[in-house]
Amino acid sequence: MTDQCYSHSLISINEALENIRAALSPIKDEETVNLHQALDRVLARSCIAPFNLPAFPNSSMDGYAFNSADIKNTPFTLEQVGISWAGRPFSGELSAGQCVRIFTGAVIPSGADSVIMQEQIHCSEHAIHFPENVRAKQNIRYIGEDVRQDDCLLAAPKQLSAIDLGLLASAGIYEVRVIRKIRIAFFSTGDELSAIGMPLVAGQIYDSNRYTLTALLNNPCYTITDLGVIRDDKASIHTCLLAAAKSNDVIISTGGASVGDADFIKEILDDIGQVNFWKLAIKPGKPLAFGRIQDCHFFGLPGNPISVIATFQQVVTHALRQLMGLNNNAPLRFKAVCHSQLRKQAGRQEFQRGILSQAENGAFEVISAGKQGSNILSASSRANCYIVLTREQTNVEAGTEVLVEPFSLFL
Ligand code: AMP
Ligand code: MG
């Protein structure tokens, strides 16, 4: 049977994501963390600015603070009567004909409304000579121009970035309420799997998926439990799933999700829980069971290593973000000219691995990363993007535009 023949019975990734959206409710439980622990956590309560930012008018330049009423005939000369340092304001008040030496971040002295950059003046003793074309009311940072007191500083839900931590700190906020961590357990299934450190006997391979998953789940929003390797044995998988469902929000398994005689995941999920969907029209990663065991969400990922990564990134990540209350789940995708010929049958959406580069004129170019088998880790290890091909697309000729999704912001 060709890919096209059976693909009508598979659901699209968008249908799967819709199904997940309907099945998941965001976690509402909160906890308090401080700024040292808050990076990448999801803000649960909006933060209000306790005071104006900036709290006082200050200079954005090293220069001289003066009153624009003194700009009559240019050039002109003012008398320097003091210094306003950052953190040590000038305590007097400017009178007509006077100016104050000022540094970046220092309070604008009372009586001044403008700052001139020090590069633009000449000084002799305390006489400061201003040039022609002096502009009034320049180089001042005004009270509240960044954020007004009582305005929203950060709106929940939001995954906190380094910039957000700086914003909170500048408002003197050290602790925030965030969504509690998602508890995620995962395991591998397969009689062929051996642990690193053990000698391989005939037919065995090392379990790589749990290491990949450990890395993919390395996120301060998750608490993860590695449940190890479970044999291709119904009773063992059954017991493991029921126990893990009691203390986790999400369980992820790899392997055993397909239709082989040793693939029990779907059958067990049917027995002890609920299957929402099972087969997706994507490549790599067709068998992907999503459902629920008691109050725990379950993802039965395929066994092939590249399928694990692709289904995790294209499906599971969205579900986890949604559990955290985040709705901005569209991955960054854009067009690039593909300089390789790509083989593809119509039927499934494909996430081929590519190597993306940017030409000097800014144009994006991509080539295939090599062999596309879902067991081939080495080619994917050289890749830095997915080449995203629609279900309908067939072979791609070199020189054609394709859609790419970079793995990271660095190529
Ligand atoms: P399965 O989905 O169980 O039929 O597995 C599909 C393929 O992925 C087989 O070649 C398995 O040997 C391989 N595989 C399954 N689990 C793992 C794992 N944890 N690490 C590496 N390869 C795996
Ligand atoms: Mg297996």
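The figures that follow rest on heavy atoms only: side chains count, while hydrogens, waters and symmetry mates do not. Values in this document were obtained by computation on a predicted structure and should not be read as measured data. Ligands are counted one by one from 1 in listed order, and the atoms in each one are counted from 1 as well.
Taking the ring pair (Phe, Tyr, Trp, His ring centres under 6.0 Å) definition, one finds that F56 meets it with nothing, sequence neighbours left out.
No heavy atom of G260 sits closer than 4.0 Å to any atom of ligand 1. Contact annotation: G190 has no heavy atom less than 4.0 Å from any atom of ligand 1.
Of all protein heavy atoms, the one lying nearest to atom 19 (N) of ligand 1 is D207 OD1, 2.6 Å. Nearest non-hydrogen protein atom to atom 9 (C) of ligand 1 is E192 OE2, 4.1 Å. At the top of the distance list for atom 1 (P) of ligand 1, counting protein heavy atoms only, stands G256 N, 3.7 Å. Shortest contact from atom 18 (C) of ligand 1 to any protein heavy atom: N209 ND2, 3.1 Å. What sits closest to atom 2 (O) of ligand 1 on the protein, heavy atoms only, is G303 N, 3.3 Å. Looking at atom 22 (N) of ligand 1, its nearest protein heavy atom turns out to be I205 CD1, 3.4 Å. N304 OD1, 4.1 Å is the protein heavy atom nearest to atom 10 (O) of ligand 1.
Counting only non-hydrogen atoms, the option in D263, T254, L301 that gets closest to atom 4 (O) of ligand 1 is D263.
Every N/O-N/O distance between R210 and ligand 1 stays at or above 3.5 Å. For ligand 1, the polar-atom distance check against P302 finds no nitrogen or oxygen pair separated by under 3.5 Å. Residue contacts with ligand 1: S208 is placed with a nitrogen or oxygen under 3.5 Å of a nitrogen or oxygen of the ligand (distance criterion only).
Each of the following atoms of ligand 1 lies closer than 4.0 Å to a heavy atom of S188: 19 (N).
Judged by distance alone, the side chains of N375 and N304 never bring a donor and an acceptor atom under 3.5 Å apart. A donor-acceptor pair shorter than 3.5 Å cannot be found between the side chains of R183 and N248. No side-chain N or O of Q372 forms a donor-acceptor pair with one of R343 less than 3.5 Å apart. If you check the side chains of S68 and D113, you find a donor sitting under 3.5 Å from an acceptor. If you check the side chains of D164 and S161, you find a donor sitting under 3.5 Å from an acceptor. Judged by distance alone, the side chains of S12 and E15 do bring a donor and an acceptor atom under 3.5 Å apart.
For R353 and Y386, the positive end is not near the middle of the six-membered ring at less than 6.0 Å and at most 45° from its axis.
A heavy-atom distance below 4.5 Å is not found between the side chains of D151 and I48.
Between F186 and F299, the ring centre distance reaches or exceeds 6.0 Å.
Under 4.0 angstrom from ligand 1, the non-hydrogen atoms of L193 all belong to its side chain.
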